[in-house]
Amino acid sequence: MEYDFTRIEEDWKKFWADEKVYAVTEDADKPKYYVLDMFPYPSGAGLHVGHPLGYVASDIYARYKRLKGFNVLHPMGYDAFGLPAEQYAIETGTHPAQTTEKAIATFRSQMDKIGFSYDWNRQVKTCDPSYYKWTQWIFLKLFNSWYNRENDRAESILSLIEIFETSGCNTDWKQYDALQHPPFTADDWTNFSPKQKERILQCYRLAYRSFTEVNWCEALGCVLANDEVKDGKSERGGHPVTRKKMRQWSLRITEYADRLLEGLTRIDWSESIKEQQRNWIGRSEGCLLEFKVDRLGLRIDREFAIEVFTTRVDTLFGVTFLVIAPEHEFLQQLTTKEQQPEMDSYLTYVKSRSDVERQQEKKVTGCFTGSYAVHPFTGEKVPIWTAEYVLAGYGTGAIMAVPADDERDRKFAEKFGLPIIEIIDKSMHPGATIEDKVGQMINSRFLDGMEVTDAIETMTKRVEEIGIGKRQVNYKLRDASFSRQRYWGEPFPIKYVVHGQPDSPFVDESENDEADIPVALNESELPLLLPEVEDFKPTGDGRSPLAKNEEWVNNNYETDIMPGYAGSSWYFLRYTDPHNTDKFAGIDKLNYWQNVDIYFGGAEHAVGHLLYSRFFTKVLFDLKEIMFDEPFKKMVNQGMIQGVSKYVYRIFITEYSLMLNKDISNENIFISKDLLISIDSDKDMRQSDAWQLFTDKIKEITTREIDSFNINYTVQPVRVDVSFVENDVLNEDLFRVWRHENSGAIFIRNSEDKILCASEVEKMSKSKYNVVNPDDVIAKYGADCFRMFEMFLGPLEQSKPWDDKGINGVFNFLKKFWRLFYDDKGWRVTDAEPTLAEYKVLHKTIKKIADDIERLNFNTCISALMIAVNELQTLKCNSSKILQPLVVTMAPFAPFVTEELWHKLGNLDSVHASGFPTVEEKYLVEDSHTYGVSINGKVRAEITLPKDITADAAKAQVLAMEQVQKWTAGAEPKKFIFVPGKIVNVVV
RNA sequence: GCCGUGGUGGUGGAACUGGUAGACACGCAGGACUUAAAAUCCUGUUCGCCCUAAAGCGAGUGCGGGUUCGAUUCCCGCCCGCGGUACCA
């Protein structure tokens, strides 16, 4: 009986669905295990062969854990809100909901073919009101919470109000930040208007609204998050992005900076992702310093100081100038009359520079303000400059420049002729760079002679004593932008108190503007449904399409929507209880399933999704909604599967003669790659067989005599669809019908009468004609083969090109496996007692598979199964006592064929609900070992010795060997090494 | 530049804590079965040297050193690929 994968896969797909084999419920008797795949965005293009790599791996893992007796939660759903469907809506008018549903249907049918063990009853979609009701609910939690730094956790905003009511807000309060609002007393608070109160509360809420510099993308008509911007352009579409001040929602993730860092030490993620998160958070310990400004000639009448942040206080004696950002709030006050014209033109220049320009050409530019600060120790006058290399958004927006010990400061000083004072002697550290914190202090008074690290400590203490500075920790991390001026996303459950005009996103904040006081809806009003709009274009003036809906505007609802990560930052919680209407997930379900044990996903979300999910989790933990503070305990990043693009060589041939260069033909002529290489390598002699073949073909085309030495040619590689190429050989018929200009193509084939193609590894994409659809692979080889081949391709975490060279190896294996059960005459399995050798093969394999799955080495699992089948075939094994456990061992990898055989072996339940076989070590113990015998570390011979042989006995036997005698010449070796079970090494 | 990660036959890759480098597969070559093809099975396949075979010798895990009886694995210094990130004070 033949291995008929099509029939087998159809049958069992149906069986699994009918019998609900993959449905899970909470079961207190079994340990839980949560296996999760990263949330896919259902794109219209469907899955290509690269997408399911992680899904196959997680499915194998989930099935294995199930067989091992765990109660496994393995769900799948869709991150269904998003830009592509909306862009499509703008272009075609099709509602994004429709586009999304269609894409989801495609995804689902593709996934079903691959045979995943998802519990589809738990599927979630972020665009479903029953889901986004809870996204909105979580937003309300964020809105109604603040971060209490005393307790180091988020709390209800009510506890803050209570503090304000009883003690007001003092300058010495840990939470107080002078930049946000002035201090006030409890009485003040009581007398504040609701509007004033709300303005202050906005400075503390975890979700708040403020004017912030945002990444405005004119082309998309919307604001982008930092991680959606790459090189000054939008990640999606590559449109230019500019900085703009805009009123919008933000999440106060910065309060969690330290806890997000700390949590990284407790989770099992790849080093590279953890490092990326650390860099993104960008914690740096340093010192906040005051430089008093010399007021001479300035329009300032009181004591005045500039604050700078530095991580290198030790270099204070090397400061020769200060630099403030062009956006610095004191810049105008510090600019003297004489410098004003120059400053104005400099600021005009700075404004004209786009972010892209600033990043690409790092020019050294700057302008002197005309004023000076006073060095706190030397009392010398230090000029104050402004320059675009100092960023307003980081630290205090001002730096103390130390040209001797900072690359940028040095360049600046050199360009503008500012003094440089050497303060660190690095002569003891020849390899050290300017950035390294090593060396001895010089020219630094009381620091002289100290090592850098000691000097930092000494100086910090000194600065704190005299009260001109204090220790400070700074972060690169910014609060997360949470507004999008778009349609296809979650509406905010927010109304505004408005007297008159609705607020405009771009006007500057003015005290009289009451339009921006947000009021949260009640929980009972959720979900606030996304309304219909006439068209999906943003208004263009910075408002979303929702601003075109009359009812929406009349109710003064927020017109922005939430960003993509709103829904995807908590979806893993919803899977535990997806149909709950009273809660985002019931506490008993959350208690049972807890956080994700293993998360399979791409590394591309390192600082987006993965950071926001951790943040949401920590907030919900603080608010006692969940009992864990990290979402994903362990993470595996599957590599990307790249495409292999194929090219045929088009050749343009001319005949060189004394008269002119004659075009031989303007037809499409294509040449086999190997032939082209051969003729290229023999351009001078033109004697080879290749040239003979080539010339003959040209004669045939032109139907006349031609001398090979008169042939000139040029070549152009042309992309062809990968489906026309098998093992580098072009299918000429498919190629001809692909495009009609190809119909008359002429082929110059190689000696085997074939056209070989060239290939190149690139990203898999439609435009490169290198997309491989899993459906096609499955139609040809079956899903089991597809799954196993994806794993066989190499280590999961490594990126690799899809090349179906080799897939027939896996297909052959499956057929071979099948033939252990069926031969020409039919079913061949008996219940005969297996031989010892057969038992040994089985248990060796069980052990290897279990170990390798645990270590996520799926590629070697496939090899191990191949070895097992090869060996059992050689042993002519037909015993069910061997073959049945083997079927179970292989079930996670090839769920269909194993299910078929499991039932043919007489079982009624699903193989996937059985148990993973246990290893019986007794079959694995060996009583002898074959040693490699090394002479001076080089293996020269082999010897088989008993397991328990003594070193002396081994030595005697080894030295007696003929091959060894040859090297020792009978003499006593210098050294004899015997490692039992490992190796013998003779040193002569 | 910085951070992370990788570099092994013609190809994908294997080698778990230093212990027989190249498992398993692809491809290729040869053979068996067959009228033939497909399918299947068997043999060989790191490179070089010796006419061939057996046997052997030499080289060999990006490059150069080191530690060790022994290094793909550990240490030092470089080169290259991939991913991330960058006037972050």
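Note that these values count all heavy atoms, side chains included, but never hydrogens, waters or copies made by symmetry.
For the pair A:Asn808 and B:G27, the criterion of a side-chain N or O lying under 4.0 Å from OP1 or OP2 is met. Residue A:Arg408 places no side-chain N or O under 4.0 Å from the OP1 or OP2 atom of B:A86. The phosphate of B:G13 (OP1 or OP2) has a side-chain N or O of A:Gln798 nearer than 4.0 angstrom. Residue A:Arg819 places at least one side-chain N or O under 4.0 Å from the OP1 or OP2 atom of B:C41. Residue A:Arg940 has a polar side-chain atom (N or O) positioned under 4.0 Å from OP1 or OP2 of B:C57. In this structure, A:Asn859 reaches the B:A14 phosphate: one of its side-chain N or O atoms is under 4.0 Å from OP1 or OP2. Proximity of A:Lys815 to the phosphate of B:A39: no side-chain N or O atom is located under 4.0 Å from OP1 or OP2. In terms of phosphate contacts, A:Asn812 brings a side-chain nitrogen or oxygen within less than 4.0 Å of OP1 or OP2 of B:C26.
For B:U46 and B:A55, the P atoms lie 14 Å apart once the distance is rounded to whole Å. When the C1' atom is used for both B:C26 and B:A14, the distance is 15 Å, rounded to whole Å. Across B:G1 and B:C74, the matching P atoms stand 24 Å from one another, rounded to whole Å.
In the displayed structure, A:Lys847 atom NZ is contacted under 6.0 Å by at most 12 heavy atoms of other residues, nucleotides or ligands.
Take the nearest nucleotide of RNA chain B for A:Asp803 and for A:Ile862: the residue whose nucleotide is more 5' is A:Asp803. Nearest-nucleotide positions on RNA chain B place A:Ser799 closer to the 5' end than the other of A:Ser799 and A:Thr874.
As a whole-Å value, the separation of A:Asn936 CG from B:A71 P is 11 Å. Summarising the geometry, the separation between CZ on A:Phe976 and C1' on B:G19 is reported as 14 Å, rounded to the nearest angstrom. Separating the CD atom of A:Glu942 from the P atom of B:G19 is a distance of 17 Å, rounded to the nearest angstrom. At whole-Å resolution of the value, NE2 in A:His929 and C1' in B:U20 are 8 Å apart. The CE atom of A:Met788 sits 16 Å away from the C1' atom of B:C26 (whole-angstrom rounding). Atom CD1 in A:Ile641 sits about 15 Å away from atom P in B:G12, given to the nearest Å. What separates CD of A:Glu797 from P of B:G7 is a distance of 13 Å, to the nearest Å. The distance between atom CD of A:Gln472 and atom C1' of B:A89, rounded to the nearest whole Å, is 13 Å.
Residue contacts for A:Lys816: at a heavy-atom cut-off of 4.0 Å it reaches the sugar-phosphate backbone alone, with no base atom in range. Using a 4.0 Å heavy-atom criterion, one finds that A:Leu391 contacts the bases of the nucleic acid, with or without backbone contacts as well. Backbone-only engagement by A:Asn870 is indicated by non-hydrogen atom pairs under 4.0 Å involving sugar-phosphate atoms exclusively.
For A:Glu275, whose side chain is taken as the heavy atoms from C-beta onward, the closest listed nucleotide among B:C41, B:C88, B:G4 is B:G4. Considering only side-chain atoms of A:Glu271, the nucleotide from B:C88, B:C26, B:U5 that sits closest is B:U5. Of the candidate nucleotides B:C3, B:U40, B:A14, B:A14 has the atom nearest to the side chain of A:Pro795. Here the nucleotide nearest the side chain of A:Arg855, chosen from B:A25, B:G13, B:C16, is B:C16. Residue A:Tyr389 has its side chain nearest to B:C87 when only B:A14, B:C87, B:C69 are considered. Each of B:A21, B:A14, B:A25 was ranked by its minimum atom distance to the side chain of A:Val939; first place goes to B:A21. Side-chain atoms of A:Lys938 lie closest to B:G60 of the nucleotides B:G60, B:G12, B:G19. Side-chain proximity of A:Lys975 to B:C69, B:C41, B:C88: nearest is B:C69. Listed nucleotides: B:C57, B:G19, B:C24. Nearest to the side chain of A:Ser863: B:C24. Candidate nucleotides B:G4, B:U20, B:A14 were compared by shortest atom distance to the side chain of A:Thr930, and B:U20 ranks first.
A donor-acceptor pair under 3.5 Å is absent between the side-chain atoms of A:Thr944 and the main chain of A:Thr930, judged by distance alone. Between the side chain of A:Arg787 and the main chain of A:Phe893, a donor-acceptor pair closer than 3.5 Å is present.
Side-chain contact of A:Glu854 with A:Tyr64: a donor-acceptor pair under 3.5 Å is present, judged by distance alone.
In B:G9 the base sits syn relative to the sugar, since the glycosidic angle is no further than 90° from 0.
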Run A:Lys975 and A:Val986 through side chain to side chain contact (heavy atoms under 4.5 Å, CB included) and show every step you take. CA-CA 6 Å; A:Lys975 206 161 179 180; A:Val986 184; over 6 Å; no
Test side-chain hydrogen bond (donor to acceptor under 3.5 Å, both in side chains) on A:Thr311 and A:Ser284; report intermediate values, then the result. CA-CA 7 Å; A:Thr311 54; A:Ser284 55; over 6 Å; no
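Screening A:Asp406, A:Asp405, A:Asp409 for a salt bridge (Lys or Arg N to Asp or Glu O under 4.0 Å) involving A:Arg312 leaves a single residue, A:Asp405. The side-chain contact (heavy atoms from CB on, under 4.5 Å) with A:Phe412 is formed by just one residue from the set A:Val390, A:Thr365, A:Leu418; it is A:Leu418.
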RNA chain B in dot-bracket form (Watson-Crick or G-U pairs under 3.5 Å, [ ] crossing, | inter-strand) is (((((((..(((......[....)))((((((.......))))))((((......))))..(((((..]....))))))))))))....
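In summary, A:Arg278 and A:Glu271 engage in a salt bridge, as defined by a charged side-chain N under 4.0 Å from a carboxylate O. The pair A:Lys848-A:Asp852 meets the salt-bridge criterion, since a charged nitrogen lies less than 4.0 angstrom from a carboxylate oxygen.
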